[in-house]
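Chain identifiers are assigned alphabetically (A, B, ...) following the order of the sequence lines, protein sequences preceding nucleic acid strands; residue numbering begins at 1 within each chain.
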Number of protein chains: 2
Amino acid sequence: MPPVEGPDFELIELLFFAYRDFVGEPDRLLEKHGFGRAHHRVLHFVNRNEGLTVAELLEILEITKQSLARVLKDLVSGEFIEQRAGTEDRRQRRLYLTERGRDLAEALVGMQGRRIARAIAKADPAARPVIARFLAELIDPQRPASPVPESA
Amino acid sequence: MPPVEGPDFELIELLFFAYRDFVGEPDRLLEKHGFGRAHHRVLHFVNRNEGLTVAELLEILEITKQSLARVLKDLVSGEFIEQRAGTEDRRQRRLYLTERGRDLAEALVGMQGRRIARAIAKADPAARPVIARFLAELIDPQRPASPVPESA
DNA sequence: GAAATTATGTCAATGTTGTTGACATATTTC
DNA sequence: GAAATATGTCAACAACATTGACATAATTTC
């Protein structure tokens, strides 16, 4: 009989520790604004997908509108995010970053981007596509391929 | 001038979605016992490092003893984890899994292990070491290399 | 054009998991 | 015996998630 491989404890734990530090560094910057991880996610996906609707953001984040409302209120009242009624459908509240919002979002993505760039450089720069594929395969298959919905 | 690469949005987001689903599947099993992610982490690291002390577990998890106490109480009263006084130092409460605890821990690690095995198989089985290295490099450097403290 | 549906917002209650601060107990070390 | 250590516990609080109910404005449908 071929040996039965047990669970890959090493990768399971590396994923835990890696993710913790990956979000831990941004956490410290967010704290200075009184924000948390939930604010980070909103800033990130609005930055990546400017003008998206509230419904689209809820789909990406997979949280309830009540959860989103709380952090969105902080971000709007702090003038990091702006809401504008949709031109076609004026019920929609499309989300845009202000200058402050863009600055913060870019500082956060800069931290995470540099951490990833460093890690890839040390691991093997040629392996980036394989790493991307690995992470993509970790995601539940029935999910829509891209986090970027068509919302023009 | 060489082009300045921006942050790697793709990997940043893949890490977010991958981690969410990676812990989301275990979440659904834990729920049946009335447990959450915090319980999962404790079960996992006790399984991996049986007989470890409370202090060692706190160092791995980087949480306060009050946070640990809550979930540990659930796990002990539900007979998933057993505490035994250390033989050398009887102030210590060393942690062990019961049979139920081991069953649950193994079911959880099985889910995560299979997900990782599938993802590696689809990405490139030969790339496992590079992926491990990448994740390891994502971790803050000043951290002790291995999650397994010497506690014999 | 009235009725139904949709997009969004909001109020209230609740649960999990984290925090800080203070204090108690048992055991070991000096 | 006094001090330090390992652990536990009480209380208050914060962040972020949930469910359920209801409100408003705009769009779509009949």
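Across the protein-nucleic acid pair, Leu75(A) atom CG and dG9(C) atom C1' stand 16 Å apart, rounded to whole Å. Distance CZ (Phe35(A)) to C1' (dA15(D)): 14 Å, rounded to an integer number of Å. With rounding to whole Å, Arg90(B) atom CZ is found 10 Å from dT28(C) atom C1'. At whole-Å resolution of the value, CD1 in Ile63(B) and P in dG8(D) are 12 Å apart. For Asp74(B) and dG8(D), the CG to P distance is 14 Å, given to the nearest whole Å. For the pair Asp27(B) CG and dT18(D) C1', the interatomic distance rounds to 13 Å; values are reported in whole Å. Nucleotide dT8(C) holds its C1' atom 18 Å from the CZ atom of Arg84(A), rounded to whole Å. Atom CG of Leu72(A) is separated from atom P of dA15(D) by 17 Å (rounded to the nearest Å).
Heavy atoms of His39(B) sit under 4.0 angstrom from primed sugar atoms or phosphate atoms, though from no base atom. Counting any heavy atom pair closer than 4.0 Å across all strands shown, Glu31(A) reaches no nucleic acid atom.
Using the six-membered ring where Trp is involved, Phe35(A) and His33(A) have ring planes that are parallel, under 30° apart on the 30 and 60° scheme. Taking the six-membered ring where tryptophan is involved, the planes of Phe45(A) and Phe16(B) are tilted, since the angle between them lies from 30° to 60°.
At a cut-off of 3.5 angstrom, the base of dG20(D) holds at least one donor-acceptor pair with the side chain of Gln66(A). Contact annotation: side chain of Arg70(B) to base of dG18(C), donor-acceptor pair present below 3.5 Å. For dT8(C), its base never sits under 3.5 Å from the side chain of Arg91(A) at any donor and acceptor pair.
Side-chain proximity of Lys65(B) to dT8(C), dA22(C), dC16(D): nearest is dA22(C). Of the candidate nucleotides dG9(C), dA17(D), dT7(D), dG9(C) has the atom nearest to the side chain of Gln83(A).
The shortest distance between the side-chain N/O atoms of Ser67(B) and the OP1/OP2 oxygens of dT19(C) is below 4.0 Å. Using a 4.0 Å cut-off, no side-chain N or O of Gln92(B) falls inside it from OP1 or OP2 of dT28(C). The side chain of Thr64(A) places no N or O atom within less than 4.0 Å of a non-bridging phosphate oxygen (OP1 or OP2) of dA17(D).
Taking a cutoff of 4.0 Å between a charged side-chain nitrogen and a carboxylate oxygen, Arg94(B) and Glu82(B) do not qualify as a salt bridge.
The CD1 atom of Ile116(B) sits 8.5 Å away from the CZ atom of Arg128(B) when rounded to the nearest 0.5 Å.
Between Thr87(A) and Arg41(A), the residue anchored nearer the 5' end of DNA chain D, judged by the nucleotide with its closest heavy atom, is Arg41(A). Of the two residues near DNA chain D, Ala69(B) and Val71(A), the one whose nearest nucleotide lies more 5' is Ala69(B).
Applying the 6.0 Å contact sphere to CD of Glu79(A) captures no more than 12 heavy atoms from other residues, nucleotides or ligands.
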